[in-house]
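Order of the sequence lines fixes the chain letters, A, B, ..., with proteins taken first and strands second; residue numbering starts at 1 for each chain.
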2 protein chains.
Amino acid sequence: MADVAREAGVSGQTVSRVANGRSNVDEGTRSRVLDAMRKVGYHPNNAARALRLGRFGNIGVIMFTLSSFGNMRTLDSIAMAASDHNYSLTLIPVRRPSQKDVTRAFARLHRQAVDGVIIVIETALIDTAEVHWPAGLPVVVIDAGADLPHPIVDTDQSEGARLATEHLLDQGHSTVWHVSGPANSYSATRRRQSWSDTLRHHGRSVPAPVDGDWTSDSGYRAGLVLAENSDVTAVFTANDQMALGVLRALHERGRAVPGQVSVVGFDDMSESKNFWPPLTTVRQNFEGVGRRSVEMLLHGIRHGTSTPANVLVPTHLVRRESTAPPAS
Amino acid sequence: MADVAREAGVSGQTVSRVANGRSNVDEGTRSRVLDAMRKVGYHPNNAARALRLGRFGNIGVIMFTLSSFGNMRTLDSIAMAASDHNYSLTLIPVRRPSQKDVTRAFARLHRQAVDGVIIVIETALIDTAEVHWPAGLPVVVIDAGADLPHPIVDTDQSEGARLATEHLLDQGHSTVWHVSGPANSYSATRRRQSWSDTLRHHGRSVPAPVDGDWTSDSGYRAGLVLAENSDVTAVFTANDQMALGVLRALHERGRAVPGQVSVVGFDDMSESKNFWPPLTTVRQNFEGVGRRSVEMLLHGIRHGTSTPANVLVPTHLVRRESTAPPAS
DNA sequence: CACCAAAATGTTGACGTAAACATTCTGGTG
DNA sequence: CACCAGAATGTTTACGTCAACATTTTGGTG
């Protein structure tokens with residue numbers, strides 16, 4: 001900056017004013033300074049600016065593997081929302097959901113220049129009591145259990161699972177089977193709970209759920225089990241990827257979809273429309289989750305206090321061709 | 001920091017030494033300082049540290065939509081590799097691949113605290129001559145055309161397309177049809193070029209490719225076209241998502257896969273194994289691409305100069321059940 | 001042309017850290 | 001016990017920026 005000032009024959013302060021687009025600078029001086037900037041190859045140093053201002057214009061995101069469809073969509077929408085508010089994103093990946101790794105991620109976040117944190121973690125995986133939460137840093141949590149001292153934004157898992165289950169019941173199926181996500185995931189637990197609640201509420205029997213782990217492979221294995229059981233006419237799968245595996249298993253075993261077995265997924269990933277058959281599923285509003293969480297975080301950043309709050313983003317059912325009334 | 005120093009009755013410099021884990025600090029003093037840190041709620045200020053050191057420990061990543069499977073996997077592997085080298089990642093999303101948006105992303109990157117940049121952009125979309133490349137900042141480009149003044153890391157698109165095409169020819173198909181990615185994507189162009197080169201090299205006729213845009217929807221539309229043509233016995237699809245759409249179209253039109261039509265994809269996304277039928281496809285080593293690009297960038301950061309270089313990461317064919325010899 | 005308000009520009013200092021150098025303490029040696 | 005090397009700790013300073021305040025310039029008024 002000093003070089004620019006010398007080159008343009010002005011003071012550093014004037015350079016600063018030009019760099020920040022202040023109005024009270026003479027047109028001639030401004031262009032002279034801009035020329036000097038170009039000539040010297042000057043770019044404002046963000047570290048110094050952040051040091052001076054005490055703000056970074058940067059949001060940290062802590063996330064496990066990005067390889068899950070939902071996480072990725074969420075990240076995408078967070079990135080867009082942050083960019084709309086002129087914030088950038090620092091991504092802190094956590095390899096395994098262990099206590100140690102999460103604590104390390106927080107530590108790293110502190111060393112990083114960050115104004116607030118969005119945590120996308122299936123927090124059931126860690127003992128929230130043990131985690132050393134970043135102190136004095138606004139935090140918003142996505143996809144978490146309750147009783148955290150932070151605002152939480154999440155898809156309305158219960159509503160979604162209810163919609164899926166009731167859709168199948170409406171079609172005339174006597175009950176609905178379930179392929180669940182991993183037991184240590186909050187959203188999986190919520191979906192499973194709501195599925196069984198809905199069945200009970202309608203006075204139906206609740207079959208034992210088949211455990212999956214979100215992957216299409218686990219869906220395939222679950223599908224093989226379900227295909228053996230001729231009682232099964234309707235399956236609610238806790239995500240679309242597992243639904244894909246279920247579909248494959250049913251095809252392999254010659255069980256017609258939706259002729260003999262109806263399948264409903266959860267997520268509405270962009271591919272689901274082109275599954276065979278096109279998948280009826282519960283659409284999550286990932287964009288809404290990302291946007292809301294960024295807004296809440298920015299509120300926390302600006303107003304210091306982040307009052308715990310709970311935002312549930314609604315879902316809706318997308319009817320396609322993988323569901324039909326049971327064969328009579 | 002001053003508070004901690006006062007609290008512990010030492011100088012700021014000693015606090016700094018403790019914070020950085022230097023060895024030449026008395027055990028008693030160290031623990032006294034650590035206690036004081038905890039009490040005061042001290043955390044090192046990264047802006048100040050960066051200002052002092054001139055480094056940030058942070059890599060910028062410029063990317064278009066994350067909603068594509070490949071981009072996501074690449075980002076994931078970059079994140080892991082960066083984290084292994086103790087760097088974090090700042091994500092700069094670019095909404096549309098326009099000149100203006102890209103330039104703005106670069107500008108923002110400069111304002112951000114970043115030691116180097118990895119650009120994951122189908123650069124054919126922008127006029128590289130017009131872009132104001134970040135000056136004095138190491139850059140590595142993924143998935144780009146040649147003739148850039150920066151190191152490039154990419155999957156060996158040509159090899160992959162050749163493997164796919166030759167696999168189908170080896171099965172006995174007289175020629176191979178192609179569903180291509182969008183014309184303005186380098187990788188799509190490479191795959192298409194290599195597919196036609198391979199056919200020509202084997203003396204086969206080269207059918208007109210059907211244009212897609214990477215989405216499964218576009219694959220479905222392409223599949224409907226191909227299904228009408230009874231000459232079609234083998235299709236090479238430029239990615240797995242479009243292959244999914246092709247499969248759906250073929251099923252809808254009653255064309256058996258692989259009985260009447262064989263299909264090969266590209267990417268090997270984790271779901272492809274559970275398509276119906278399980279998809280034969282070309283596996284990209286996304287992990288390798290991410291790792292190599294981070295390594296090259298760090299080299300550039302450490303040694304100042306980033307000599308243009310070209311790294312091609314090999315692919316290999318994964319044979320599953322969507323391909324078979326043509327019905328005789 | 002003296003005067004003044006407003007605009008333009010300059011000066012000073014502080015943000016939190018760590019390197020370089022200076023000083024003090026420790027324990028062992030002759 | 002004087003002396004010394006090495007360890008532990010302290011002091012000073014600069015990193016690049018911008019807010020606050022000080023000063024100079026500009027252009028318009030009576």
**Student:** Would one find a side-chain N or O of B:N45 under 4.0 angstrom from OP1 or OP2 of C:dC15?
**Tutor:**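 No, no such contact exists.
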**Student:** Output the single nucleotide from D:dT17, C:dT11, C:dA18 whose closest atom is nearest the side chain of A:R49.
**Tutor:**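 Nearest listed nucleotide: D:dT17.
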**Student:** Using a strict threshold of under 4.0 Å (side-chain N to carboxylate O), is an ion pair present between A:D76 and A:R73?
**Tutor:** no
**Student:** Quick one: label A:R22 by what it contacts on the DNA or RNA (base, sugar-phosphate, nothing), any heavy atom closer than 4.0 Å.
**Tutor:**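 Sugar-phosphate: the residue A:R22, judged by heavy atoms under 4.0 Å, touches backbone atoms but no base.
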**Student:** Does the side chain of B:D267 come within less than 4.5 Å of B:F286's, by heavy atoms?
**Tutor:**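 The answer is yes; the side chains approach within 4.5 Å.
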**Student:** Rounded to whole Å, how long is the line connecting atom CZ of B:R17 with atom P of C:dA18?
**Tutor:**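 One finds 11 Å between P of C:dA18 and CZ of B:R17, rounded.
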**Student:** Considering every strand and a 4.0 Å limit on heavy-atom distances, what is the contact class for B:S16: base, sugar-phosphate, or nothing?
**Tutor:** base
**Student:** Using atom CG of A:N24 as one end and atom P of D:dT25 as the other, report the distance to the nearest whole Å.
**Tutor:**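 Atom-to-atom, A:N24 to D:dT25, this comes out as 17 Å.
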**Student:** Provide, to the nearest angstrom, the distance between the CZ atom belonging to B:R6 and the P atom belonging to D:dG10.
**Tutor:** 14 Å
**Student:** Taking atom C1' of C:dA6 as reference, at what distance in whole Å does atom CG of A:D26 sit?
**Tutor:** 14 Å
**Student:** For C:dT9, take OP1 and OP2 only and decide whether either is under 4.0 Å from a side-chain N or O of A:T29.
**Tutor:** yes
**Student:** Check this one for me: any side-chain N or O of B:T14 less than 4.0 Å away from OP1 or OP2 of D:dG10?
**Tutor:**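 It does, given that an N or O in the side chain of B:T14 lies less than 4.0 Å from OP1 or OP2 of D:dG10.
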**Student:** Quick check: on DNA chain D, is the nucleotide nearest A:V15 upstream (toward 5') of the one nearest B:G9, or the reverse? Name the residue that is more 5'.
**Tutor:** B:G9
**Student:** Calculate the interatomic distance between B:D3 atom CG and C:dG16 atom C1'; express it in whole Å.
**Tutor:** 12 Å
**Student:** Run through A:I301, A:L297, A:V294 and flag the one making a side-chain contact (heavy atoms from CB on, under 4.5 Å) with A:Y87.
**Tutor:** A:I301
**Student:** Within this structure, what is the CD-to-C1' distance between B:E27 and D:dT9, rounded to whole angstrom?
**Tutor:**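 My rounded result for the distance is 15 Å.
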**Student:** If we check side-chain contact (heavy atoms from CB on, under 4.5 Å) with A:V61, which of these qualifies: A:I119, A:I78, A:T90, A:T74?
**Tutor:** A:I78
**Student:** Nearest whole angstrom, please: distance from the P of C:dA19 to the CG of B:L51.
**Tutor:** 13 Å
**Student:** Which residue, B:Q13 or B:R52, contacts DNA chain D at a nucleotide closer to its 5' end, judged by nearest heavy atom?
**Tutor:** B:Q13
**Student:** Atom CE of A:M37 and atom P of D:dG16: how far apart are they, to the nearest Å?
**Tutor:** 15 Å
**Student:** Establish, from distance only, whether the side-chain atoms of B:N20 and B:R49 form a donor-acceptor pair under 3.5 Å.
**Tutor:** yes
